[in-house]
Amino acid sequence: VSSKPLVMVVDDDAGVRNAMRSLLKSVGLESMLFGSAQEFLDGYKASQPGCLLLDIRMPGMSGLELQQQLNLRGAVIPVIFMTGHGDIPMAVEAMQHGAFDFLQKPFRDQDLLDRIQKAITKDGELRTSLGQHTRIREKLDSLTPREREVLDLLVKGKQNKAVAQDLGVSPRTVEIHRARVMEKMEVTSIAELVHMMLDVKPGAEK
Amino acid sequence: MFSRETHALMEAAVDAIIVIDHEGRITAMNDATRRLFGYAGEELLGANVHQLMPEPDRVRHDEYMRNYESSGVARIIGIGREVFARRKDGSVFPVHLSVGKIEGSPPAFIGILRDVSAEHDARRAILLERDRANAYLELNDSILLMLDPQRRIQEINALGSELLGAPSVDLHGRDWLDFIRGETERERAMLMLQSSLGSPHSREREFDAVDAMGEERRIYWRCIARRAPDGTAAGWLCSGHDVTDRQRREEEALLAQERLTRVARLATLGEMAAGVAHELNQPLTAITTYARACDRHLENSSPDYGEVREAVREIGAEGQRAGEIIRRLRQLVRNDASERRFTDLNELVEELRVLIAADARVHGARLRIDLAPGLPAVDVDPVQIQQVLLNLVRNALEAVADSPARARVVSVVTARAGSDEVEFRVIDNGPGIAPGVRPRLFEPFCTSKETGTGLGLAISRTIVQAHKGSIGTCDAEPHGAEFFVRLPAVDGSPK
C-alpha cells in the first residue's frame, strides 16, 4: 500500500488500459492496471488511497457488478465509469449506486484528468473524515457506561442539575463525570463536543 | 383355241391371265384368275371384263377400248400399271396389270394381273409410319435433327428450323457446330459426338446458342450415334431442348436467394452495430489517449522519450486493429456473387472472432472458442458459412441474455464429424429451446425474439443445404441449446 494516491484502471482491453497508464504517467499520476473485475477484487486493498477508473462493460463480472461488490464491502473509493455509446442507462444506474462520475469513450484527456483529480481529492477528504470518525469512535469507546450516559444528556443540552436528576445521582457526581468526559474526548467546551457528535452521528450508535 | 404348250404356260403362271376380244368379252382365262377373283368353272367366259373392275373403271372400260380403237394411242398396252380389281364378292384389291395385243382383225388382248396387295399394304404401312414419325417430329417441343457423319444437318424439324434459322434460311447441310457458341464449347461438343460413336447410349450437355432472332439461348442437347446396316458410322440423331427459360428462372431464383441471404446478412450486421461500434471505440480510445499522452510527455521539462516511443508504436498497432475490424466487416458486407473455395473452417471462425467477441461483450457473455487442429478443408462460400455461424452465435447470445451476467457462456467448437464431414457447434447455457418451438425452428418467421427478421435459421438452413451439409439442434448439458452444422469434407485434404 502506497500512501500516494493511485489510479486503478479496470478494463478488459489492454490497449485502453496501457494508454491510460501512459496518459496518467505524463501528468505524474501513478496507476495500477487490472484486466478484469475479479483481478481487481483479488488485489484490492481498502487502505490504498486513490480512485478507480472502471469500464462499465466487461465479460464476466461487469463494471456495475464490481461496484455493487465494493458497496457491499463498504469501500469508499470513488469510481469513475468509462462507458461506450448507448450505455447511458447503465451509467445512470451506476450514478444511482454512488458512482463519482462517468465518461464516454473516447474522452478528452483534460476531462478525464480533471475528474480523476477531483476523485482523488474527494477520496482524500473521505479518508480524512473517516480517520476523524475513527478517532472519535475510539475516544467514545474509552468512556465508561456512566460517562457515556452523561455525555449523551449533555449533548442534548441538559444542565448538570437536570442530568443529576435524570440519572438519580448528585450534581457533584455529574460534575466529576463531566470533567472526565471532557478530558477523554479532548474538548474544552460542550459546544465542541456537540459538533463532534454531530459529525459521527450516522454511524455512532452501533 | 390354244395350243397345248400355250395352255400349259397359262396354267403354270401364278398371275391371272385373261384374254378378251375387241369388245371386252372374256374369251379365255387361267385357273389363277378364278382363284384370284373368286369365280368357279366357266362362269366368267363371255362376260365383259369390266365385271372384274371397280368403279370408275367399270363403266369407263368400254370407252377406253373404243378410244384405243379409234386413236390407236395405247395407255396401258406395253406399259403396265397398278390398278384396282374387283372380286366376285365385291371386294377391291390392287393388282399390277400388263396388257398385250394379239394382232388380228379384229384384234384381241391379253392381260396379266398380279395381286400386289401385300406390297401395297407394306408401302402403306411405311407411309403411315413416316407420317407418324413426321408428326412426332413436329409435335415434339424439342429441336430434332439428323446429322451425317460430317455433322451436317440432313433433317431438321419445324421447331428446330424456327429456333435456329430464319424461315428463309435453309439449315440443311449446315454444320451442327455452327449453332454452338464459344470455341471451347464447340470443342466440347465435338468431343461429345465422338465419344458417342462407340456407345449405344446418348451423350448430353448444355450449350449456348444464338437463335434466329439473335437472342442467346441455352439448349440441352442429347445426341446418339447412328449406324448404317453395314455397321459403319452414319452420323447422329440429336435432340435439343430449349432450357433458356428454365435456366433463366433458376438463375433468377438463385439471384433472389442470394439477395435475400445478403439482406439477412446486412440485417444481422445491423443488429450487431452496437457491438461493432463498441469494438471500434476501444482502439479509438486507446489512440486518442496515447496521442494526448505523447503530447503531455513532450511538454514536460524532461520528456520521457521511451514512453513517447512506446505510445507511438501502440498508436500504430491500435490503428491497425481498428482497420482489421473494418476489414472483417467489409468482407461480410461485400456484394460479390457467391463463390466456393476450399476453406479451413477454423480460419472462418478466427476471422469472425473479433466481431463475435464484440457482440458477446455487448451481451455481457463470455465467449469460448475451441478449434480442433488439422481439420480437412470444406468447399464452401466462406461468407455464407460465416453468416450461418454469426446467426447461430447471435441466437446463442440472446438465449443467455436473461441469465445472470457471470453465468452467460457461449461456446464455438469445431470438430470432425464422422469420416467425411467437418462440423462446427454453437453451444449456449441458456434455458434451451421450448419443445413447442422445436419443430418449426427452421421455418421462416419462426421467432421468439422481439426484434429480428425471423429469417436467420431459415436462411442458415438454405445455405447449409446448398452446401450439401446439415444443420440441427440438440439439448446442451446441463441446460441450454446446441446447434451443429456439418459440411462435407473435401477428399484428399489432410486428415
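The analysis underlying the following values was restricted to heavy atoms, covering all of them including side chains, and did not include hydrogens, waters or symmetry mates. Everything numeric here is computed off the predicted structure, so don't read it as measured data. Every chain is numbered from 1 and lettered A, B, ... according to where its sequence line falls, protein lines coming before strand lines.
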Just checking A/Lys122: does its NZ atom have more than 12 heavy atoms from other residues, nucleotides or ligands closer to it than 6.0 angstrom?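 Atom NZ in A/Lys122 is not crowded, with 12 or fewer foreign heavy atoms closer than 6.0 Å.
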So does A/Met32 have more than 12 non-hydrogen atoms from other groups sitting under 6.0 Å from CE? no
Which bit of [X] is near chain B, if near means a heavy-atom gap under 4.5 Å: side chain, backbone, both or neither?
X        : result
A/Met82  : neither
A/Ser22  : both
A/Asn18  : both
A/Leu113 : side chain
A/Glu65  : side chain
A/Arg17  : neither
A/Val27  : side chain

Given 3.5 Å as the limit, does a donor-acceptor pair link the side chain of A/Glu147 with the main chain of A/Thr144, or not?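 Indeed, once roles are kept as given, a pair shorter than 3.5 Å links the two residues.
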For B/Asn300 and B/Ser302, indicate whether the former's side chain and the latter's backbone hold a donor-acceptor pair under 3.5 Å. no
Is the A/Phe81 to A/Phe102 ring centre distance short of 6.0 Å?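 For A/Phe81 and A/Phe102, the ring centres are not under 6.0 Å apart.
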What part of [X] gets closer than 4.5 Å to chain A, counting heavy atoms only: side chain, backbone, both or neither?
X        : answer
B/Val409 : neither
B/Asp295 : neither
B/Ala311 : side chain

Checking B/Arg292 against B/Tyr290: charged group under 6.0 Å from the ring centre and within 45 degrees of the axis? no
Distance in Å, [X] [atom1] paired with [Y] [atom2], rounded so as to fall on 0.5 Å steps:
X        : Y        : atom1 : atom2 : value
B/Glu350 : B/Leu345 : CD    : CG    : 11.5 Å
A/Lys158 : A/Ile190 : NZ    : CD1   : 14.0 Å
A/Met185 : A/Lys139 : CE    : NZ    : 6.0 Å

Below 4.5 Å, heavy-atom pairs only: which of B/Glu307, B/His278, B/Glu314 has the largest tally toward chain A?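 With the most close heavy-atom pairs to chain A, the winner is B/Glu307.
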For chain A, the option from B/Arg321, B/Glu299, B/Glu318, B/Arg366 that forms the most heavy-atom pairs under 4.5 Å: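 Among the listed options, the one with the most contacts to chain A is B/Arg321.
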Tell me, out of A/Ser26, A/Gly28, A/Gly15, who's got the most heavy-atom pairs with chain B below 4.5 Å. A/Ser26
